[in-house]
Amino acid sequence: SLTEKLGSALRNLRGVGTLTEANMADALKEVRTALLAADVHFKVARDFVERVQTQCVGQEVLKGVAPGQQVVKIIHDELVRLLGEGETNLSAARPLKILMVGLHGSGKTTSTAKLGKLLKKRGYRPLVAACDIYRPAAIDQLEILAKQEELSFYADRASRDVPAIGAAALAAASADGSDCVIFDTAGRLQIDANLIEEVKKLRAKVQPDEVLLVVDGALGQEAVNVAKTFHEALSLTGLILTKLDGDARGGAALSIKSITGVPIKFIGMGEKTGDFDTFYPDRLASRILG
Amino acid sequence: IFFGKRIDADSLEELEEALYTADFGVETTAEILAEIRKAYTADETLQGRQAAEIGAAVLTRVLAGAEGALPPPATKPTVIAMIGVNGSGKTTTAAKLAWRLKGDGQMVTLAACDTFRAAAVEQLKSWATKLDIEVIASHPGADAAAVAFDAWQAAKARGRDYLIVDTAGRLHTKGHLMDELAKIRRVLQKHDPSAPQHRWLVVDGSLGTNSIEQAKVFHESFGLTGLVVTKLDGTSRGGALVGIWRQLKIPIYFLGLGEQAEDLQPFSVENYAKAVFG
Ligand SMILES: Nc1nc2c(ncn2[C@@H]2O[C@H](COP(=O)(O)OP(=O)(O)OP(=O)(O)O)[C@@H](O)[C@H]2O)c(=O)[nH]1
Ligand SMILES: Nc1nc2c(ncn2[C@@H]2O[C@H](COP(=O)(O)OP(=O)(O)OP(=O)(O)O)[C@@H](O)[C@H]2O)c(=O)[nH]1
Ligand SMILES: [Mg+2]
Ligand SMILES: [Mg+2]
């Protein structure tokens, strides 16, 4: 574990003076390695370690506490602070409009149904809108999930105009008394100019209160470029981290949070629509540190 | 005196960053850097070259033998099973592969063995209709192994060359889902001890080093004979495939480079090395 590795790197410091750049060098290398092994972005790991160094240097080595544990606590607290920053609640707007975006296969459609289920529990009357007109049976997938969760559903299988489908979904929602609309969209690469343009037009058309980037918890180093581009195009309001029921460490979340500042709002921890929860920074911090 | 030049610190830093940002991960990055240091000292043809050229040359050597190539079907039907974690691209890859084999003049059947996820069968059926390829499916909630067997029987009776089995996404951390895979294999083996002849892990190329862990666990439980890395039309470079190759020696057959039927390319070590360091 990282605590053990740091303990070994700092074993000469027991109850002796202060933490310095020199006597922390090996320990900080271990922290950087732990973050990189957790798929934290190369530059984010470096910047985080520098920040930790600044916090640690000059601190008294506490008596009765193993130096390794002392440093891990500083790191853990800094991670929790970083990960938990920002508005982690959903907009209080009513009707509430939420746009789900992200790379292929990240869990958007499933998370749309999960979020609908969660908001229904909170007293909303959600409608889920099928705005993925490309993937074979994407509309069927959302329709089945909507039926399963007893959520209102809107789709137009004949339309090739995504912003128009979005507008029509809003009209359908106001017609049937739904006070929350969640728009599921197609997977898209951040470098696909046409599809980025499409989702920008959809955003402009439906004016969502939340734009949530759905990210696979195991996403690698490109998490930064992906999130940056989506953020610049759409002004993201939150992140959903999925598939955390696996054993990926989830470093992409730290990378995205530190570079874009977009708050993490929800996590997906399973394939069932109930496997969804609001985000707790201390759990993710422990997971990233391994 | 004749030990050759040492590669300089700046070049090594440059290479280290290139490897990390390509998702090679801690272990593999350290190993490749060690290989680069060794090779640079011993090989005069590398000395004085740009860091990128050295990296590509060494990576090419590291990946020697990693290109998988499908031999002509020895048994009829030769079964190719697509397995992997949720959302990696199995269903799309199954369709792409079926399309490619059909284009080669092979008789192909698809088996819709994801009986769990919403509209999984519809998704594969939609592909099958579009590509005019036969698909065998059952009802949602049916036993995946039973569907695999029905599809195998049908493919055998009709003299098909290939049966491509699409399976449900499953995280490698879920023992009961890994057991389901083992059951699919046992059921097929009862009727053909060699089936599925090809057991391919489909890995999302945008993921980090967790793909290496995925491969280890799937290999332990199912025995992998091949790898497909998808979504490399994005900006990720899929570096986990190098770790998978080094640790498990599983050949890489194809790369997924898009969402259409033709977006499946045979894996080329040379092109990949260039993509990582280019
Ligand atoms: N284990 C697990 N699986 C998940 C989770 N969220 C989604 N999935 C699964 O991941 C796969 C992909 O989910 P989808 O909802 O289809 O992903 P998507 O982003 O809509 O995919 P595209 O529309 O093709 O871009 C499915 O098999 C889901 O059941 C999660 O939190 N845990
Ligand atoms: N850009 C790109 N998208 C891909 C590629 N391969 C698959 N996809 C997309 O990734 C998403 C998921 O693909 P699927 O084939 O449904 O993945 P899967 O592994 O069968 O998913 P589950 O069955 O839910 O586990 C879809 O939107 C596909 O179009 C690829 O090579 N490039
Ligand atoms: Mg979807
Ligand atoms: Mg599938």
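Chain A is the first sequence line, chain B the second, and so forth, proteins listed ahead of strands; every chain is numbered from 1. Since the model is a prediction, treat every value here as computed from it, not as a measurement.
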For this session: Enumerate by number any residue of residues 168-184 of chain B whose heavy atoms lie under 4.5 Å from heavy atoms of chain A; in the absence of such residues, state 'none'.
Result: B/G169, B/L171, B/H172, B/T173, B/K174, B/L177

Problem set entry | Most chain A-contacting option - heavy-atom pairs closer than 4.5 Å, from B/K130, B/R237, B/R117, B/E213 | B/R117

Exercise. So which of B/G208, B/G89, B/A95 has the largest heavy-atom pair count under 4.5 angstrom toward chain A?
Worked result: B/G208

If you define the side chain from C-beta out and look only at heavy atoms, does anything of [X] sit under 4.5 Å from [Y]?
X      : Y      : answer
A/E271 : B/N86  : yes
A/H41  : B/Y20  : no
B/T209 : A/R249 : no
A/K43  : B/E17  : yes

Search all heavy atoms of [X] against all heavy atoms of [Y] and return the closest pair with its distance.
X      : Y      : result
A/I144 : B/A118 : CG2-CB, 3.8 Å
A/A37  : B/V26  : N-CG2, 3.5 Å
B/A119 : A/A137 : CB-O, 3.8 Å

For [X], does the [atom1] atom have more than 12 heavy-atom neighbours from other residues, nucleotides or ligands under 6.0 Å away?
X      : atom1 : answer
A/K5   : NZ    : no
A/Q148 : CD    : yes
B/K125 : NZ    : no
B/E262 : CD    : yes
A/K120 : NZ    : yes
A/E50  : CD    : yes
A/E197 : CD    : yes

For this session: Using a strict 4.0 Å threshold on nitrogen-to-oxygen distance, state whether B/E259 and A/R135 make a salt bridge.
Result: no

Problem set entry | A/D247 and B/N210 side chains, donor-acceptor separation under 3.5 Å | yes

Exercise. Are side-chain N/O atoms of B/T235 and A/E222 paired as donor and acceptor at under 3.5 Å?
Worked result: yes

Exercise. Is the side chain of B/D23 donor-acceptor paired with the backbone N or O of A/G220 at a distance under 3.5 Å, no angle test?
Worked result: no

Heavy-atom cut-off 4.5 Å, strictly under: side chain, backbone, both or neither for [X] against chain B?
X      : answer
A/R188 : neither
A/L219 : both
A/D192 : neither
A/D216 : side chain
A/Q190 : side chain

Problem set entry | B/E122 versus chain A, the contacting section by heavy-atom distance below 4.5 Å | both

Exercise. So what's closer than 4.5 Å to chain A heavy atoms on B/Q123: side chain, backbone, both or neither?
Worked result: both

Exercise. Any idea which of A/T242, A/T33, A/D39, A/T110 has the most non-hydrogen atom pairs under 4.5 angstrom with chain B?
Worked result: A/D39

Exercise. Do you know which of A/A113, A/A45, A/G107, A/A218 has the most heavy-atom pairs with chain B at a distance under 4.5 angstrom?
Worked result: A/A218

Problem set entry | salt bridge (Lys or Arg N to Asp or Glu O under 4.0 Å) assessment of B/E16 paired with A/R46 | CA-CA 13 Å; B/E16 183 188 44; A/R46 186 187 54 207; over 6 Å; no

